[in-house]
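Only one structure is covered here, and it is reproduced in the block below.
Heavy atoms only: backbone and side chains are in, while hydrogens, waters and symmetry mates are out. Here the structure is a predicted model, which means the values were calculated and not measured.
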Amino acid sequence: MTREEDGLGLSTLVWQMPEAARCVSTAAVGGGFTTCRWVINAQVPKGYDRDDLDAHGAQIAGALGLSGTGVVMLTAVNVASHHRAQFEGADVTATVGVSDPTWAADPSAESTRIRTASSPGTVNVVVVVPEPISPAGMVNLVATVTEAKCQAFADFLVPGTGTPSDAVTVLCPVDGDVHPYGGPRSLWGARVACASYDAIITGLRAERDRKLAPC
């Protein structure tokens with residue numbers, strides 16, 4: 001959907017769960033371990049420099065009529081261009097911008113304050129699995145998604161392991177038999193890895209094609 005802020009039409013993706021879901025997220029707003037009812041991936045203007053992220057996240061959620069606990073992910077990418085992949089029950093949606101790729105371990109890089117969405121170069125990933133995962137397994141799923149992203153970056157010859165403001169959110173049911181693992185050779189880890197790779201590599205192709213398109 002589209003929301004309006006400061007006279008700008010900004011695209012917004014919203015996930016609403018019929019029941020509260022177990023969630024782990026690296027997002028700055030609502031991140032960590034939670035039980036949530038919704039997730040937002042919201043476009044913000046290029047050059048975004050707000051410091052009151054919790055207040056802005058609450059403003060966005062309120063404007064969309066959402067209440068209760070949720071996660072807000074921010075990006076300067078137009079999230080109307082999002083990429084969804086499914087693999088044997090694992091459902092992954094990625095918004096992909098790589099104008100600012102970086103290497104995670106780079107001693108030569110200047111240590112600066114990184115804002116949540118200061119440039120278009122952000123990869124945000126939302127993962128939904130249909131069966132409960134243990135807390136440790138969910139943390140491992142975040143790592144598995146990151147490994148799949150690095151694999152996609154390497155295969156696409158992107159000079160980096162990610163961007164400074166990438167975020168991952170993983171959702172699963174609260175009730176049911178719990179899977180203990182989330183690594184790439186576990187049942188759901190393997191499926192999430194394949195879906196994450198497919199969504200991100202599709203996003204990288206779309207980003208390349210957008211840059212190559214004639215003005």
Side-chain angles (χ1 to χ4, degrees), residues 10-13 24-29 31 39-51 53 56-57 71-85 87 90 92-127 139-170 182-184 189 192-215:
L10 299 170
S11 59
T12 313
L13 295 177
V24 65
S25 177
T26 66
V29 181
V39 174
I40 295 170
N41 189 7
Q43 181 187 16
V44 296
K46 296 178 181 179
Y48 180 83
D49 62 355
R50 289 183 63 161
D51 291 320
L53 299 185
H56 189 205
V71 172
V72 181
M73 308 166 80
L74 303 174
T75 177
V77 170
N78 182 349
V79 301
S81 177
H82 57 277
H83 308 280
R84 185 180 181 189
F87 189 88
V92 174
T93 303
T95 53
V96 179
V98 288
S99 62
D100 189 22
T102 186
W103 298 104
D106 185 359
S108 66
E110 181 182 358
S111 179
T112 58
R113 183 181 179 194
I114 300 299
R115 299 196 183 273
T116 302
S118 59
S119 76
T122 301
V123 179
N124 284 344
V125 180
V126 176
V127 176
V139 172
N140 211 343
L141 281 176
V142 173
T144 296
V145 171
T146 305
E147 290 182 47
K149 178 186 67 177
C150 290
Q151 183 178 347
F153 273 34
D155 288 350
F156 212 75
L157 303 180
V158 176
T161 49
T163 83
S165 50
D166 293 350
V168 177
T169 297
V170 179
V192 166
C194 290
S196 297
Y197 178 89
D198 287 347
I200 294 168
I201 204 79
T202 301
L204 291 171
R205 292 193 187 103
E207 177 79 350
R208 176 200 59 194
D209 293 345
R210 182 187 65 80
K211 291 178 178 178
L212 292 177
C215 298

- Item | Close side-chain approach of Thr122 to Thr95, heavy-atom, < 4.5 Å |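 In short, these two side chains do not touch, never coming nearer than 4.5 Å.
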- Query: Would you say His82 and Asn41 make side-chain contact, with heavy atoms under 4.5 Å?
  - Reply: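 Counting from C-beta outward, His82 and Asn41 never come under 4.5 Å.
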What closest approach, in Å, do [X] and [Y] show between heavy atoms, and which atom pair accounts for it?
X: Pro101; Y: Val158; answer: CB-CG1, 3.9 Å
X: Ala206; Y: His83; answer: CB-CE1, 3.5 Å
X: Ala199; Y: Ala94; answer: CB-CB, 4.0 Å
X: Gly57; Y: Val29; answer: CA-CG1, 4.2 Å

- Pair Thr75-Asn124, side-chain donor/acceptor within less than 3.5 Å: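 There is no such pair between these side chains.
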- Query: To the nearest 0.5 Å, what is the distance between CG (Asp198) and CZ (Phe87)?
  - Reply: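 Result: 8.0 Å between the selected atoms.
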- Message: Nearest 0.5 angstrom please: Asn140 CG to Glu147 CD, how far?
- Response: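 The CG atom of Asn140 sits 8.0 Å away from the CD atom of Glu147.
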- Query: Is a donor on one side and an acceptor on the other found under 3.5 Å between the side chain of Thr169 and the backbone of Ser25?
  - Reply: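 Flag not set: sc Thr169 to bb Ser25 has no pair under 3.5 Å.
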- Item | Counterpart residues, side chain to side chain donor-acceptor pair (under 3.5 Å), relative to Arg208 (two or more places apart) |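 Arg208 satisfies side chain to side chain donor-acceptor pair (under 3.5 Å) with no residue once adjacent residues are dropped.
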- Message: Checking Thr144 now: which residues fulfil side chain to side chain donor-acceptor pair (under 3.5 Å) with it, not counting sequence neighbours?
- Response: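 Listed in chain order: nothing, the list is empty.
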With a 3.5 Å cut-off and sequence neighbours excluded, list the donor-acceptor pairs that the side chains of residues 148-156 form with protein atoms.
residue	atom	partner	partner atom	Å
Lys149	NZ	Asp166	OD2	2.7
Asp155	OD2	Tyr197	OH	2.7

